[in-house]
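Computed over heavy atoms, backbone and side chain alike; hydrogens, waters and symmetry mates excluded. Start at 1 and go down the list; that is how both ligands and their atoms are numbered. One is the number of the first residue; the rest follow in order along the sequence.
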Amino acid sequence: MTLASIIRAERKLLLPTYDRQQVLFTRGRGVYLWDSTGKRYLDFVSGIGVNALGHAHPAVQKALKQQAGKLIHTSNLFYHEYQAELAKRLTKISGLDRAFFCNSGTEAWEGALKLARAYARANNNNGHKAKWRLLALENSFHGRTFGSLATTGQEKYRHPFAPLVPGVNFVAFNDVSDLKRQFDGSVCALCLETIQGEGGINAVSPEFLRTARELTQKSGALLILDEIQCGLGRTGKYFAYQHYGITPDIVTVAKPLAAGLPLGALLTTDRVASGMHPGMHGTTFGGGPLACTVAIEFLRVLDGLLIPVAELGWYFLTLLRSLQSKHSCVKEVRGIGLMLALDLNSADVAKAAVTQLLRKGILINRTHETVLRFLPPYIIEKRHVDEVIEALDSALSAHANNSHRKQRGSKTRRH
Ligand SMILES: Cc1ncc(COP(=O)(O)O)c(C=O)c1O
């Protein structure tokens with residue numbers, strides 16, 4: 001099938017949920033993808049932070065091939081060899097005690113919210129007063145299912161599906177006094193992304209996170225961190241909260257966990273896990289042998305990539321800052337490790353930059369209208385960063401030339 005015939009077929013046959021770029025990818029290797037015409041693309045999107053080891057990584061291929069020939073699915077009615085092994089590795093790197101495996105980010109987040117409510121109900125020691133409110137942050141994104149939407153602080157995602165799950169209030173991002181004002185004994189959990197991803201790469205401030213930890217600890221509420229996008233090495237540490245010196249009660253992970261296979265997890269403490277009993281929560285596919293084997297392999301490779309991610313992140317950040325000093329359309333540079341962003345002063349310029357880079361064979365992504373988001377695989381090298389910076393420089397220069405030309409044109413017309 002050609003790209004044109006696939007577009008025609010999808011238009012007719014699929015739910016119209018995506019506005020895809022008109023590219024048909026047929027294979028990938030390392031940091032590159034190839035389309036159906038044979039054109040090569042440098043991948044600085046990595047499937048929205050999923051392909052952290054790039055494409056066709058030998059360790060992933062080997063694990064997949066071996067396990068696919070042995071056992072793909074058992075259901076959670078029985079044991080297999082790999083959930084406990086994967087949980088052992090995840091608990092060791094997170095400082096938490098237990099794991100629950102599922103299939104996606106939103107499912108991990110749903111599990112975390114349900115666990116928070118169940119734990120609060122089981123430990124309701126203030127007598128008659130119910131502890132069931134959830135506090136989430138404005139501008140957040142936690143996924144597309146109802147609980148996740150209910151805690152997502154962006155009207156555009158919530159509005160079409162209202163009414164959502166009740167009991168959620170939103171705190172202004174990084175506003176410590178608003179947090180203190182809204183927090184009380186009825187809150188069962190405070191829920192946030194350590195670094196907001198879809199919302200435009202905004203890190204929670206150390207003061208806000210410290211206050212969040214103190215308030216929750218004092219009242220017996222849970223601190224739940226969503227590290228579905230920023231966790232598992234993306235920032236140069238296993239978890240982004242490790243930059244802050246705190247540990248949450250629950251953390252959710254997904255995207256890169258099984259290097260491209262669908263797998264999510266929530267990690268929590270023994271104490272909080274006591275809120276769940278057999279039959280209260282579950283999944284048919286989650287934590288199957290195939291995805292778990294690949295995830296074990298991903299974590300093994302990740303150990304050797306944390307320092308390179310941190311170093312390349314600094315290199316990339318420094319060069320992005322130099323673009324900021326050169327181009328007035330760059331409002332801000334944000335992020336850490338290989339989760340970086342250029343916030344521009346116009347959605348049109350951001351859109352044009354994505355298109356121009358795509359034409360040159362470089363994939364980047366635009367989020368929150370004006371933000372160019374960079375989520376490259378952890379295996380990139382300096383030369384790949386240089387290539388992206390050069391392409392961005394020329395895209396932003398082209399924009400500056402265009403707007404000068406337009407200004408001159410309108411002045412000449414006025415005279
Ligand atoms: C921070 C965060 N949480 C949750 C999700 C939802 O994950 P999924 O699309 O796997 O359901 C995403 C997806 O982009 C995310 O970035």
Side-chain angles (χ1 to χ4, degrees), residues 15 17-20 44-52 100-116 134 136-154 156-158 161 164-165 168 170 173 189-204 209 223-235 238-241 248 250-267 283 285-288 291 294-295 298 334-341 364-368 371 373-376:
L15 222 59
T17 49
Y18 301 112
D19 189 12
R20 304 190 206 277
F44 266 45
V45 175
S46 64
I48 324 186
V50 169
N51 302 110
F100 171 81
F101 295 108
C102 53
N103 307 283
S104 65
T106 200
E107 209 186 324
W109 191 248
E110 292 286 333
L113 300 178
K114 283 177 72 180
L115 179 55
L134 295 158
L137 293 200
E138 284 175 4
N139 197 48
S140 59
F141 182 82
H142 297 293
R144 310 282 191 158
T145 50
F146 268 99
S148 299
L149 274 183
T151 46
T152 285
Q154 298 188 59
K156 66 178 175 189
Y157 294 116
R158 301 160 52 82
F161 307 104
L164 300 173
V165 176
V168 183
F170 291 98
F173 184 69
L190 176 51
C191 318
L192 58 128
E193 294 158 270
T194 319
I195 304 174
Q196 290 185 339
E198 195 279 340
I201 316 292
N202 305 302
V204 68
L209 196 53
L223 176 63
I224 310 180
L225 295 183
D226 180 343
E227 297 226 357
I228 287 160
Q229 191 166 141
C230 65
L232 297 177
R234 176 64 54 197
T235 65
Y238 287 113
F239 292 90
Y241 62 77
I250 306 177
V251 65
T252 54
V253 290
K255 291 181 183 287
L257 179 55
L261 294 192
L263 182 65
L266 72 81
L267 308 173
T283 155
F285 290 108
V294 176
F298 165 69
R334 294 193 291 268
I336 178 166
L338 292 177
M339 183 173 187
L340 297 170
I364 60 167
N365 163 255
R366 181 175 67 108
T367 187
H368 220 64
V371 180
R373 173 172 54 170
F374 310 101
L375 297 170

Hey, does [Y] have a side-chain heavy atom less than 4.5 Å from the side chain of [X]?
X      : Y      : value
Phe44  : Leu375 : no
Trp109 : Asp226 : yes
Leu266 : Ile224 : no
Phe239 : Thr194 : no

If we count only N and O atoms by modelled type, under 3.5 Å, do the side chains of Thr152 and Ser140 hold a donor and an acceptor together?
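The answer is no; no qualifying pair exists.
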Indicate whether the side chain of Gln196 and that of Gln229 have a donor and an acceptor atom separated by less than 3.5 Å.
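No.
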For atom 10 (O) of ligand 1, is the nearest protein heavy atom closer than 4.0 Å?
yes
For ligand 1, find out whether one of its N or O atoms is nearer than 3.5 Å to an N or O atom of [X].
X      : answer
Lys255 : yes
Gln229 : yes
Gly143 : no

Mode of [X] contact toward ligand 1 - side chain, backbone, both, neither (heavy atoms, under 4.0 Å):
X      : result
Thr106 : both
Phe141 : both
Gln196 : neither

At what distance is the nearest protein heavy atom to atom 3 (N) of ligand 1, and which residue and atom is it?
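Result for atom 3 (N) of ligand 1: Asp226 OD2, 2.7 Å.
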Which ligand 1 atoms does Gly105 reach within 4.0 Å, using its non-hydrogen atoms?
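Taking each heavy atom of Gly105 in turn, ligand 1 has 7 (O), 8 (P), 10 (O), 11 (O) under 4.0 Å.
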Looking at Glu193, which atoms of ligand 1 are within less than 4.0 Å of one of its heavy atoms?
1 (C)
Start with the C-alpha gap between Asn103 and Thr283, add the side-chain angles, then the distance that decides, and say whether side chain to side chain contact (heavy atoms under 4.5 Å, CB included) holds.
CA-CA 8 Å; Asn103 307 283; Thr283 155; 3.2 Å; yes
Donor-acceptor contact below 3.5 Å, side chain Glu193 vs main chain Gly197
yes
Does His142 reach ligand 1, in the sense of a heavy atom lying below 4.0 Å from it?
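True for this residue.
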